[in-house]
S.K.: 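Sharing a structure, written as structure tokens. Questions coming.
The chain is numbered in sequence order, starting from 1.
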Amino acid sequence: MITGLAEAARDTGALTAAEASAWTADQRARARTGRLFLALPLFVASATAP
């Protein structure tokens, strides 16, 4: 999941390839030490026409 997020950010130009790779490596290191935290906020809206 982490890799997919980094790749998507890279593909849209939000991160360079080097930044995405560094971020992914940092998250993997955090996970190995039990310090990984991942939040995926999702918002859903619904409406009807007046």
S.K.: Which heavy atom of Gln27 sits nearest to which heavy atom of Ile2, and what is that distance?
M.R.: CB-CG2, 3.9 Å

S.K.: Any link between Phe37 and Trp23 through a network of hydrophobic side chains (Ile, Leu, Val, Met, Phe, Trp, Tyr) touching at under 4.5 Å?
M.R.: no

S.K.: To the nearest 0.5 Å, what is the distance between CZ on Arg28 and OG1 on Thr3?
M.R.: 4.0 Å

S.K.: Using a 3.5 Å distance criterion without hydrogens, assess whether the side chain of Thr24 forms a donor-acceptor pair with backbone atoms of Ala20.
M.R.: yes

